[in-house]
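All heavy atoms count here, side chains included; hydrogens, waters and symmetry mates do not.
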Amino acid sequence: MTHPETHPETLPATVRRFLAASTVHDADTTSELVTDDVVVVDQGETFRGRDEVHAFIRDAGAEFEYTTHQTGFHRVDDTHWVVTLRLEGTFPGGVADLDYRFTLRGDRVAELVVGNHEAA
């Protein structure tokens, strides 16, 4: 069983920067943090390569107002991290707990899978 960590500074810098940039739809910064062949899967929809991911980050959720709060994270191994975020806003349902499953290659995000939080 894994326990959520509470010290965000122990997250890899790439993950911290990616989350900070994506939260404010800063697609240019997130593009600098991903591999050329990055794959992002968000709630079942797949985006491949920097161009598609750039557009996704820029546009995702833009029609809603919402806040995000990191509620936990854990290290799976040296290249895999899971960060749980709570989103609250004007989207259907109003609250969502999502797991962001990062795969790193060097100092870049190679894959990100976003889905509903899986309680331990």
Side-chain angles (χ1 to χ4, degrees):
M1 180 172 152
T2 59
H3 299 281
E5 297 186 40
T6 57
H7 302 286
E9 65 277 3
T10 60
L11 273 170
T14 299
V15 172
R16 290 193 318 264
R17 289 184 61 211
F18 185 96
L19 288 170
S22 66
T23 298
V24 296
H25 304 283
D26 181 352
D28 292 336
T29 297
T30 58
S31 291
E32 296 171 4
L33 299 170
V34 300
T35 61
D36 289 336
D37 60 346
V38 64
V39 175
V40 172
V41 179
D42 181 41
Q43 303 290 66
E45 191 172 358
T46 302
F47 306 90
R48 298 180 188 282
R50 277 195 175 142
D51 290 343
E52 284 188 16
V53 170
H54 184 277
F56 164 69
I57 295 295
R58 181 191 64 222
D59 300 336
E63 66 273 25
F64 304 112
E65 291 183 23
Y66 60 92
T67 60
T68 61
H69 173 73
Q70 182 178 314
T71 59
F73 68 91
H74 67 272
R75 175 185 174 271
V76 177
D77 58 35
D78 287 343
T79 61
H80 296 89
W81 293 78
V82 179
V83 179
T84 303
L85 297 180
R86 171 165 277 203
L87 283 67
E88 296 184 29
T90 60
F91 52 86
V95 176
D97 291 310
L98 301 176
D99 285 335
Y100 286 62
R101 299 180 175 280
F102 287 89
T103 300
L104 302 179
R105 188 181 317 139
D107 63 350
R108 299 285 182 254
V109 175
E111 183 178 69
L112 172 61
V113 177
V114 181
N116 292 329
H117 174 63
E118 297 177 15

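In this structure, Val82 is not a member of the same hydrophobic cluster as Leu33, with clusters built from ILVMFWY side-chain heavy atoms closer than 4.5 Å. No continuous path of hydrophobic side-chain contacts links Val39 to Val76 [ILVMFWY only; heavy atoms under 4.5 Å].
The closest donor-acceptor contact from the side chain of Thr14 to the backbone of Asp107 lies under 3.5 Å.
Residues satisfying the side-chain hydrogen bond (donor to acceptor under 3.5 Å, both in side chains) criterion with Thr23, sequence neighbours excluded, are absent altogether. For the side-chain hydrogen bond (donor to acceptor under 3.5 Å, both in side chains) test, residues two or more places apart in sequence or in another chain that qualify with Thr29 are Asp26. Scored by the side-chain hydrogen bond (donor to acceptor under 3.5 Å, both in side chains) test, Thr35 finds Asp37 as partners (sequence neighbours excluded). Val15 meets the side chain to side chain contact (heavy atoms under 4.5 Å, CB included) test with Leu11, Pro12, Leu19, Val83, Phe102, Leu104; sequence neighbours excluded. With sequence neighbours left out, the side-chain hydrogen bond (donor to acceptor under 3.5 Å, both in side chains) criterion links Arg17 to no other residue.
Atom CZ of Arg50 sits about 10.0 Å away from atom OG1 of Thr30, to the nearest 0.5 Å. Atoms OH and CD, from Tyr100 and Gln70 in turn, are 11.0 Å apart once rounded to the nearest 0.5 Å. A distance of 6.0 Å separates CG in Leu98 from CG in Asn116, rounded to the nearest 0.5 Å. Rounding to the nearest 0.5 Å gives a distance of 10.0 Å between OG1 of Thr103 and CZ of Arg101.
The two residues Val38 and Val109 have their closest heavy-atom pair at CG2-O, 3.6 Å. Looking at every heavy atom in both residues, Asp77 comes nearest to Arg75 through O-CG, 3.4 Å.
Of the candidates Thr71, Asp97, Asp99, Asp99 is the only one forming a side chain to side chain donor-acceptor pair (under 3.5 Å) with Thr84.
Residues Val34 and Arg108 form no side-chain contact, since every pair of their non-hydrogen atoms from C-beta on lies 4.5 Å or further apart.
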For residues 54-68, which side-chain N or O atoms pair as donor and acceptor with protein atoms under 3.5 Å away, sequence neighbours left out?
unit_1 : atom_1 : unit_2 : atom_2 : d
His54  : NE2    : Asp28  : OD1    : 2.9
Tyr66  : OH     : His25  : NE2    : 3.4

